[in-house]
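In what follows, every heavy atom counts, from backbone to side chain, and hydrogens, waters and symmetry copies are set aside. Numbering of ligands and ligand atoms starts at 1, following listing order.
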Amino acid sequence: MYRHAVFFTCLAFVPLTLGLASVEGKHTQHELVTLGLTAMLTLAQLTMLLGGRTLARALVSVALLPLLLALASYALPEYWIPLSSWDAMSRSLIDGLTLEAWRPALLATLGLTLLAVLIMTRTRSSLGGPLLLAMVVLLLGVQVSLARISLGAQLLRSAGDIWITLAMAALLAGVSVTALPGWRAHAAPLRRALVPSLALVFVVLLLWHHQKSVTERELRAATEAEAYQLGDRLTREIQDHLAAVERFANIWTLLDTPPSQAEWARQAALYHRDFRYLLNIAFVDPDSRLTRVYPASDLNLQVLGARLFDAQPAGRQAVSRALFEQRIGRTDVIMLLQGVPGIIHYLPIPLDERRTLGAVAMVISLPMLAETLFNEVDRQHTGLALAQGDQVLASQESQALPGPWRHVVQLDVTGAPLTLSVQPSHASLLQRLPRHPVVTLVTGLTLAYLLYLVLHGYTRLAHQHRRVHSTNTELRREIRTRSQLQEEVEWLARHDELTHLPNRRLFMETLEANTQRRPLSVLICDVDHFKRINDHQGHLIGDRYLNRLGRIGREVIEPHGGLFARYGGEEFVACLPQTDSTQALAIAEALRQRLEDAQLQHHDGKVLTASIGVVTLVEGPLDVAAIMQAADDALYRAKAEGRNRVRVAPSLTTIERA
Ligand SMILES: Nc1nc2c(ncn2[C@@H]2O[C@H](COP(=O)(O)OP(=O)(O)OP(=O)(O)O)[C@@H](O)[C@H]2O)c(=O)[nH]1
């Protein structure tokens, strides 16, 4: 497993090297930075695998710094920290480099940040390892699919270079190979935390993609509308000007003679000053000779006196139209006499229906028109190009990185098919791009991570709780069993298992407990010829008879406040406190009789009987051995005198008498 991890991690250096070799061109610093950061994380993982945790953490921390800065620049709103401030900060830190130039693509930034955290936390599942891994995989997937769709149309670079994606994938494989066996051991609880968090990540990615598309579309539409507005305004202005020059031409119809230079200059000045793109307003006589021109700049004065039919063949048709057909004539884009491209409108000044006094020439210089347009927009951030068909007449590149969109609008320079292409710079568009899709993405992924931590913590707690609970139950059961056993042991220590009567021990304890209660009588009862029962009817019957005797004994003795116990074998004893010998004798007789009445039979039909010895201690200290010996003696006598009888111990009756 370890060798696999090292292999995959080292494999990441292959796409990294290939990526480095393929980087070329102007705006590639961000690719270099991304490759560098990926290489740093790869090194960190390798160092971590080789046991150098401190060095690995240091490498990850160094990589995290630019990643977090990039992430903040993506997510923080423009009004809070404007792009220009980020740029200024970046320039001061990295030798004049703008933010956009070095900042890795959004998804690459996010993926690398998550990878860094994954390496830093050593893929521990309690710190979100499985989710971090799954999120990086998803981000890589989105990165690949976005790269396939189209990168050019994206304002915000979402996806990274394919080499970076491959390097990240190899690094990810290295990380997961070490972590997967550990995670598999806790698959069920991990799944419980992972599935809802991943579902949230999915929703967040979908939401982000939707918001991103909508905001970029809106921004694109807004900049497009601005471009159209610019074109419209200029078109309207040119048309207004043409209308004004028509009025200007009408003034001269009142004259019979061509206007003087002074008069021409005075009137033309009123029209010319508002329209900067007009090269001049000139008077053309019926022979197409330029006789008056305003403004009287050196350039214009050079062409004064030129005969247009000869000097400007490209405009001959337009000027003839005005001079001979008394209709407005317009040239295509032609090279003007002043040496610049332009368009000329000729407006006739009729004398009567057939004759013309001349024509007014309104000369639009295209460089000046372009200059007017270029003045309308921020030259720093917008690239402009004025074109006729495919031919670019004038252009101005923005100084910043151009944006991905170019809007082409038609300029109606009174019929001339000019187009104006407007291309806002990348930075100016970014300034206006709403940040909420990125905020959604970053916040959503953070929330998913927190959700995982909460669910994982909860699952672990629940698991521990269940274990504690089951241990408790087991413990309680064990305690119950043990206390039952204890009770049983205690009971068995003082009772006879067969008859459930108190045994000799309990009998002795009871006897000793009655030291003060006098008179105290003791009975010893022994079954007669019990051996025969066992021999002829078996031990089972013997046991049953002993049991029966036990029950009879209790029924007889206990109502007198006494204790009936099994002394051993087929011998039973009774202790009767506060019972004198007469009462004891009567009780013993009753016991004997009850047994006889029970009709427990021997194999030959004879009734089972018992002999009983009785002793009563009237007063004096209790000598257990003596009293038991006396009772035993009495029993012996009962046996000796023919069995099935009660005999009272003589010695203790003597004490009673005394
Ligand atoms: N079935 C059964 N027999 C027992 C138990 N305890 C003792 N015995 C039997 O009781 C018999 C006692 O026999 P002995 O001491 O010879 O006395 P006996 O046969 O009763 O004759 P006497 O006492 O002289 O009348 C023995 O055979 C024991 O095996 C018991 O718990 N169950």
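Near ligand 1, heavy-atom contacts under 4.0 Å come from Asp526, Val527, Asp528, His529, Phe530, Lys531, Asn534, His539, Gly542, Asp543, Leu546, Arg566, Gly569, Glu570, Lys639, Arg643.
Checked by atom type, the side-chain pair Thr616/Ser521 shows a donor-acceptor distance below 3.5 Å.
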Name each donor-acceptor pair under 3.5 Å that joins a side chain in residues 183-192 to protein atoms two or more places apart or in another chain, with its distance.
| residue | atom | partner | partner atom | Å |
| --- | --- | --- | --- | --- |
| Trp183 | NE1 | Thr123 | O | 3.1 |

Which atom pairs, donor and acceptor, lie under 3.5 Å between side-chain atoms of residues 36-64 and protein residues at least two apart or in another chain?
| residue | atom | partner | partner atom | Å |
| --- | --- | --- | --- | --- |
| Thr38 | OG1 | Thr34 | O | 2.6 |
| Thr42 | OG1 | Thr38 | O | 2.6 |
| Thr47 | OG1 | Leu43 | O | 2.5 |
| Ser61 | OG | Arg57 | O | 2.7 |

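Judged by the 6.0 Å and 45° rule, Arg554 forms no cation-pi pair with Phe564.
Asp528 pairs by the side-chain contact (heavy atoms from CB on, under 4.5 Å) definition with Thr609, Ser611, Lys639, Arg643, Asn644, not counting sequence neighbours.
Here His436 and Trp208 keep their ring centres 6.0 angstrom or further from each other.
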